[in-house]
Amino acid sequence: MKKANGTVFKYGDNVDTDVIIPARYLNSSDPAELAQHCMEDIDKDFIKNVKPGDIIVADKNFGCGSSREHAPIAIKAAGVSCVIAQTFARIFYRNSINIGLPIIECPEAAEAIQAGDEVEIDFDIGIITDKTQNRQFKGQAFPPFMQKIIAAGGLINYINED
């Protein structure tokens with residue numbers, strides 16, 4: 001996956017893993033089941049409205065809280081192609097790469113992009129294009145090894161290749 005393109009769902013600061021996937025659903029590790037409850041405590045209509053390829057944009061400290069991998073798994077299984085935020089919690093950042101969910105830190109984009117905007121991301125060069133506002137932002141491009149992990153669908157698949 002070299003590019004992502006979708007409609008934006010926008011959230012604020014400190015969206016924690018308990019909001020991304022509420023603890024009451026952690027008795028399952030099935031991605032499809034987790035996806036059905038993704039973001040429901042902060043946005044009850046998220047799962048009804050999200051379409052494959054859509055993008056989450058958030059402010060500071062996205063994915064804070066517990067270190068559970070369930071959170072990025074639920075987001076990816078819901079069809080989200082990328083999360084853009086001003087900053088990410090470190091363990092969420094690593095878990096996202098490990099399960100093959102692209103995430104980009106870009107404070108300018110996170111601040112300017114609005115809910116409902118149509119956004120395209122070029123992962124090779126880190127360019128985020130807000131097609132609705134006709135604006136571009138420079139995010140951090142993924143190093144080649146991270147692109148390979150994401151393209152493989154996560155670290156386990158990457159390790160098992162060849």
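Values reported hereafter were calculated over all heavy atoms of this structure, with side chains retained and with hydrogens, waters and symmetry mates removed.
Hydrophobic clustering of Ile, Leu, Val, Met, Phe, Trp and Tyr side chains at less than 4.5 Å, counting indirect connections, unites I73 with I159. No continuous path of hydrophobic side-chain contacts links F145 to I156 [ILVMFWY only; heavy atoms under 4.5 Å]. In the hydrophobic clustering of ILVMFWY residues, with side-chain heavy atoms under 4.5 Å counting as a link, V83 and I127 come out apart. Note on I128: it clusters hydrophobically with M146, by side-chain heavy-atom contacts below 4.5 Å among ILVMFWY residues. I91 is not connected to F62 by any chain of hydrophobic side-chain contacts under 4.5 Å among Ile, Leu, Val, Met, Phe, Trp and Tyr, and they are in different clusters.
The side-chain heavy atoms of V15 and I42, taken from C-beta on, include a pair separated by under 4.5 Å. In this structure, the side chains of Y11 and M39 come closer than 4.5 Å at one or more pairs of heavy atoms. The shortest distance between side-chain heavy atoms of F46 and C38 falls below 4.5 Å. At a threshold of 4.5 Å between non-hydrogen side-chain atoms, the residues I56 and I75 count as touching.
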Take I99 and K76 through the test side-chain contact (heavy atoms from CB on, under 4.5 Å) and record every step on the way to the result.
CA-CA 9 Å; I99 63 105; K76 183 179 177 188; 3.8 Å; yes
Apply side-chain contact (heavy atoms from CB on, under 4.5 Å) to the pair N5 and V119, showing each step before the final yes or no.
CA-CA 6 Å; N5 189 67; V119 170; over 6 Å; no
Go through the steps for F123 and K3 under the test side-chain contact (heavy atoms from CB on, under 4.5 Å), then give the verdict.
CA-CA 6 Å; F123 296 122; K3 288 190 177 183; 5.6 Å; no
For V57 and F9, run side-chain contact (heavy atoms from CB on, under 4.5 Å): C-alpha distance rounded to whole Å, both residues' side-chain angles, the deciding distance at 0.1 Å, then the answer.
CA-CA 6 Å; V57 176; F9 290 82; over 6 Å; no
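Atoms NE2 and OG, from H70 and S28 in turn, are 7.0 Å apart once rounded to the nearest 0.5 Å. Of the inter-residue distances, the one linking R68 atom CZ with F92 atom CZ reads 12.0 Å to the nearest 0.5 angstrom. In this structure, CD1 in I149 is found 11.0 Å from CG in N157, a value given to the nearest 0.5 Å. To the nearest 0.5 Å, atom CG of residue D30 and atom CG of residue N27 are 11.0 Å apart. Between the CD1 atom in I103 and the CG atom in N95 there is a gap of 9.0 Å [rounded to 0.5 Å]. The distance from the NZ atom of K2 to the CD atom of Q147 is 5.0 Å, given to the nearest 0.5 Å.
Summarising the geometry of I55 relative to V80, their closest heavy-atom pair is CA-CG1, 4.3 Å, with the distance given to 0.1 Å. Here the closest heavy-atom approach between residue G100 and residue P102 is recorded as O-CD, 3.4 Å. Residues H37 and E33 share a closest heavy-atom pair of CD2-O, 3.3 Å. Between I104 and I121, the closest heavy-atom pair is CD1-CG2, 3.3 Å. Nearest heavy-atom pair across A74 and I21 is CB-CB, 4.3 Å. Shortest non-hydrogen contact noted between A110 and I84 is N-CG2, 4.4 Å.
Of the possible donor and acceptor atoms, none in the side chain of S96 sits under 3.5 Å from a partner among the backbone N and O of L101. At distances below 3.5 Å, not a single donor-acceptor pair connects side-chain atoms of D59 with backbone N or O atoms of Q86. With hydrogens and angles ignored, the 3.5 Å screen pairs a side-chain donor or acceptor of D54 with a backbone N or O of T7. Here the side chain of T17 pairs no donor or acceptor atom with the backbone of G63 at under 3.5 angstrom.
The 12-atom threshold is not exceeded at NZ of K148, counting heavy atoms of other residues, nucleotides or ligands nearer than 6.0 Å. Heavy atoms of other residues, nucleotides or ligands lying less than 6.0 angstrom from NZ of K60 number 12 at most. Within a 6.0 Å sphere centred on CG of D45, heavy atoms belonging to other residues, nucleotides or ligands number more than 12.
There is a side-chain donor-acceptor pair under 3.5 Å between T129 and Q136. At a cut-off of 3.5 Å, with distance as the only test, a side-chain donor of Q133 or D117 sits close to an acceptor on the other residue.
In this structure, E40 pairs ionically with R24, as a charged nitrogen and a carboxylate oxygen lie closer than 4.0 Å. For R135 and D130, the salt-bridge test fails: no basic side-chain N is under 4.0 Å from an acidic carboxylate O. The existence of a salt bridge linking D43 and K48 is excluded, since no basic side-chain nitrogen approaches an acidic carboxylate oxygen closer than 4.0 Å.
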